[in-house]
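Please read these numbers as outputs of a predicted model, since none were measured by experiment. Residue numbers start at 1 and run along the sequence shown.
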Amino acid sequence: MQSYHIYFIRHGMTASNLEGRFVGKTDLPLCPEGIAGLAGLMEKGEYPNVGLVYTSPLLRCVQTAHLLYPQMDLISLPQLQEFDFGEFENKSLEELKEDSRFLTFMEQKMKSPAPGGTEGMDQFERRVLEGFEILLKDMMKKQIFSAAVVTHGGVIMTLLGGCGLPRTNPSYWSCQPGEGYGILLNLAVWSNAGSFEIGGKIPYQGEAQPEAQYHFVDPDYIRSLDQKMGGKHS
């Protein structure tokens, strides 16, 4: 029964991250502190070895992927870009706290596009899921069973909160720059329930590899799904 290990990693820090600004589609590079932060994470921990590396096309993700996986070619997926904050891009909460449009935008949980933006949260979630499905089909086609995905915090929270086991609020899966989570996707479970298991944080230290922490899906349940589907995932 085929399974895929996929590791979601948030990009390193940018100057706007340091300043607490909303950064979505704005294409910013890593700042010196961000590069140093990634170097520190690589020194203290270990990023998993993978067969493919996918990235958001935005520069901060591409730079992060090159630093973490310097010997690997990158596969760009535009569907895995961050949310479009429109006119709120690159502004801080302090700058926006008196803007009635921003207050309404947040009260409505970003369901409608920000002024000047291109998508609301529902459209963003659909786009991200589409990108993930493209990624998975590419892995299946190439017969590669492990991959890293260097993307944005909003993308990671959306996918893990919407599809991950255990079920919890997307904000639970918030992660710091350069950090992320591993998932284990079993094709039978994904095909039937649209779910995958979430493992530990990465980068990991020593023996504490994320795949050692998967335990949410009952193996008997997986076997029963596989039998119903004619064993085609075995």
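Between Phe196 and Trp190, the angle of the ring planes stays under 30°, which puts this pair in the parallel group of the 30/60° scheme. Between Phe88 and Phe102, the ring-plane angle classifies as perpendicular under the 30° and 60° cut-offs.
Looking at every heavy atom in both residues, Cys163 comes nearest to Gly194 through CB-O, 3.6 Å. When all heavy atoms of Val150 and Ala65 are compared, the closest pair comes out as CG2-CB, 3.8 Å. Closest approach of Met13 and Pro177 over heavy atoms only: N-CB, 3.7 Å. The nearest pair of heavy atoms linking Gly24 to Glu89 is N-OE1, 3.0 Å. Across all non-hydrogen atoms, the minimal contact from Glu82 to Gly154 is OE2-N, 3.0 Å. The two residues Tyr54 and Met139 have their closest heavy-atom pair at OH-CG, 3.4 Å.
One hydrophobic cluster, built from ILVMFWY side chains closer than 4.5 Å, holds both Leu93 and Phe83. The same ILVMFWY cluster, assembled from side-chain heavy atoms under 4.5 Å apart, contains both Ile6 and Ile144. Residues Ile198 and Leu80 fall within the same hydrophobic cluster, defined by Ile, Leu, Val, Met, Phe, Trp and Tyr side chains chained together at heavy-atom separations under 4.5 Å. Both Tyr4 and Ile156 are members of a single hydrophobic cluster when ILVMFWY side chains are connected at heavy-atom separations under 4.5 Å. Leu77 and Leu59 fall into different hydrophobic clusters, defined by Ile, Leu, Val, Met, Phe, Trp and Tyr side-chain heavy atoms under 4.5 Å apart, directly or through other members.
With Gln81 as the partner, the side chain to side chain contact (heavy atoms under 4.5 Å, CB included) test is satisfied by one option alone out of Leu58, Val128, Thr151, Val155: Leu58.
To the nearest 0.5 Å, atoms CD (Gln123) and CG (Asp84) are separated by 11.0 Å. To the nearest 0.5 Å, atoms NE2 (His11) and OG1 (Thr55) are separated by 12.0 Å. If you take CG on Asp138 and CD1 on Ile75, they are separated by 5.0 Å, rounding to the nearest 0.5 Å. Interatomic distance, Ser56 OG to Asp27 CG, rounded to the nearest 0.5 Å: 8.0 Å. The distance from the CZ atom of Arg60 to the OG1 atom of Thr64 is 9.5 Å, given to the nearest 0.5 Å. Taking OG from Ser174 and CG from Leu160, the interatomic distance works out to 11.5 Å, rounded to the nearest 0.5 Å.
A heavy-atom distance below 4.5 Å is not found between the side chains of Leu135 and Glu133. Contact annotation: the side chain of Met106 never approaches that of Leu96 to less than 4.5 Å [non-hydrogen atoms, C-beta and beyond]. Contact of the Phe132 side chain with the Val149 side chain is not registered, since no non-hydrogen atoms from C-beta on lie closer than 4.5 Å. Lys44 has its side chain out of reach of Pro203: every pair of non-hydrogen atoms, C-beta onward, lies at least 4.5 Å apart.
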request  = List the steps and the verdict of side-chain contact (heavy atoms from CB on, under 4.5 Å) for Ile9 and Tyr69.
outcome  = CA-CA 12 Å; Ile9 303 168; Tyr69 294 98; 4.2 Å; yes
Working for ring-ring contact (aromatic ring centres under 6.0 Å, His included), residues Phe85 and Phe22 = CA-CA 7 Å; Phe85 289 101; Phe22 287 90; 5.4 Å; yes
Trace of the side-chain contact (heavy atoms from CB on, under 4.5 Å) decision for His5 with Ile183 = CA-CA 6 Å; His5 291 281; Ile183 71 162; over 6 Å; no
ask   = Is there a side-chain contact (heavy atoms from CB on, under 4.5 Å) between Leu187 and Met140 once you walk through the steps?
value = CA-CA 10 Å; Leu187 283 180; Met140 294 170 64; 4.1 Å; yes
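Checking side-chain atoms of Ser112 against main-chain N and O of Gly120 turns up no donor-acceptor pair under 3.5 Å. Between the side chain of Arg10 and the main chain of Glu179, no donor-acceptor pair closer than 3.5 Å is present. No donor-acceptor pair under 3.5 Å is formed between the side chain of Glu98 and the backbone N or O of Glu95.
Counting only N and O atoms by type, the side chains of Thr26 and Asn90 include no donor and acceptor under 3.5 Å apart. A donor atom on one side chain and an acceptor atom on the other are not found under 3.5 Å apart for Thr14 and Arg21.
Around CG of Asn169, the count of heavy atoms belonging to other residues, nucleotides or ligands within 6.0 Å exceeds 12. Residue Glu19 qualifies as enclosed at atom CD: its count of foreign heavy atoms under 6.0 Å is above 12.
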